[in-house]
Amino acid sequence: MFQKEYTLIMVKPDAVRSNFTGKILARIEEEGFAIRAMKRVRLSLAQAQEFYSVHAARPFYGELCTFMASGPVVAAILERDNAVLHWRDVIGATDPAEAKENTIRKLFAKSKGENAVHGSDSVDNAKIEAAFFFSGLELAGQ
Ligand code: GDP
């Protein structure tokens, strides 16, 4: 038996700007995810730095945070069996040049940095990231 699981995803600013949000949301539903919460929001630079603080020591941190604050993102909590790993499979490798055919990054990403979508890398991080975007009130009744 599979357990229902949650993951936090974002449509990143490059994909929102290119009007890929609808296609990505359609793929989410085709893959059997239920969208349990969703919002479109523009992160401030400080908020992007907080979200990606785990990468603070990486050479691309500055570029990543500037990009993530460059325009609105669409953030959502998705529910499905094996949600974290299934979403990671659906989005593909970080660098679209290395992503498999028909993955979201292969289809829609521009580069390793501007790569269309985010997905939590563990159930524990999904909880932390969901709480970053959504209040207790918004999560209640899910
Ligand atoms: P993910 O889990 O596949 O999203 O990849 P990581 O956790 O390794 O990196 C987080 C995000 O940082 C990626 O999705 C990219 O947007 C960005 N990133 C990773 N590597 C690079 C890089 O070499 N250059 C730039 N500009 N951004 C990067």
Side-chain angles (χ1 to χ4, degrees), residues 1-139 142:
M1 280 292 285
F2 290 111
Q3 290 277 333
K4 287 284 183 190
E5 190 176 281
Y6 297 90
T7 191
L8 184 285
I9 72 103
M10 281 186 278
V11 181
K12 292 184 176 182
D14 58 311
V16 173
R17 265 194 290 275
S18 300
N19 287 337
F20 293 144
T21 303
K23 290 191 174 76
I24 292 170
L25 293 179
R27 179 69 179 271
I28 283 169
E29 293 190 323
E30 283 162 19
E31 294 288 342
F33 291 99
I35 299 171
R36 303 307 302 260
M38 184 164 66
K39 64 171 64 164
R40 179 183 187 273
V41 61
R42 183 168 180 173
L43 298 176
S44 67
L45 183 59
Q47 287 167 332
Q49 287 167 337
E50 184 189 338
F51 186 88
Y52 281 108
S53 57
V54 64
H55 292 310
R58 309 282 283 276
F60 58 80
Y61 180 64
E63 200 177 315
L64 170 62
C65 295
T66 302
F67 162 61
M68 290 303 296
S70 69
V73 301
V74 174
I77 297 171
L78 305 185
E79 178 186 1
R80 188 190 183 280
D81 298 337
N82 199 28
V84 169
L85 284 180
H86 190 74
W87 179 248
R88 303 279 307 181
D89 279 351
V90 169
I91 67 178
T94 309
D95 185 344
E98 292 166 14
K100 290 186 188 147
E101 287 304 317
N102 203 37
T103 58
I104 289 177
R105 283 169 168 166
K106 181 72 172 185
L107 292 169
F108 302 120
K110 295 187 187 340
S111 65
K112 192 174 185 183
E114 302 202 7
N115 60 0
V117 280
H118 167 79
S120 307
D121 64 3
S122 68
V123 170
D124 285 347
N125 280 338
K127 287 185 184 138
I128 294 167
E129 293 176 2
F132 177 90
F133 278 103
F134 297 95
S135 70
L137 188 65
E138 289 167 308
L139 295 173
Q142 294 298 318

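Counting starts at 1 for both ligands and their atoms, following the listed order. We use all heavy atoms of the structure for the numbers below, so side chains are in, but hydrogens, waters and symmetry mates are not.
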**Q.** Polar contact flag for Lys12 and ligand 1 (N/O pairs, less than 3.5 Å)
**A.**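 In this structure, Lys12 places an N or O atom under 3.5 Å from an N or O of ligand 1.
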
Q: Report yes if some N/O of His118 lies less than 3.5 Å from some N/O of ligand 1; otherwise report no.
A: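 Checking ligand 1 against His118, no N or O pair falls under 3.5 Å apart.
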
Q: Decide whether Arg40 and Thr21 meet the rule of one side-chain donor and one side-chain acceptor closer than 3.5 Å.
A: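 Judged by distance alone, the side chains do not pair up.
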
Heavy-atom distance to [atom]: which of [options] wins?
atom: atom 27 (N) of ligand 1; options: Gly119, Gly113, Ala116; result: Gly113
atom: atom 8 (O) of ligand 1; options: Lys112, Glu63, Arg58, Arg88; result: Arg58
atom: atom 13 (C) of ligand 1; options: Asp121, Asn115, Val54, Ile91; result: Asn115

Is ligand 1 less than 4.0 angstrom away from at least one heavy atom of [X]?
X: Glu114; value: no
X: Leu64; value: yes
X: Met68; value: no
X: Arg105; value: yes

Under the 3.5 angstrom rule, does the side chain of [X] hit a backbone N or O of [Y] as a donor-acceptor pair?
X: Asn125; Y: Ser120; value: no
X: Arg80; Y: Glu5; value: no
X: Arg105; Y: Ala116; value: no
X: Trp87; Y: His118; value: yes
X: Asn115; Y: Asp95; value: no
X: Lys39; Y: Phe133; value: yes

Pairs under 3.5 angstrom only: tabulate donor-acceptor contacts from the side chains of residues 59-68 to other protein residues two or more places apart or in another chain.
from  : atom 1 : to    : atom 2 : distance (Å)
Tyr61 : OH     : Gln49 : O      : 2.8
Thr66 : OG1    : Gly62 : O      : 2.9

Please write down residue, atom name and distance for the protein heavy atom closest to [atom].
atom: atom 5 (O) of ligand 1; value: Thr94 OG1, 3.3 Å
atom: atom 7 (O) of ligand 1; value: His55 NE2, 3.1 Å
atom: atom 25 (C) of ligand 1; value: Phe60 CB, 3.5 Å

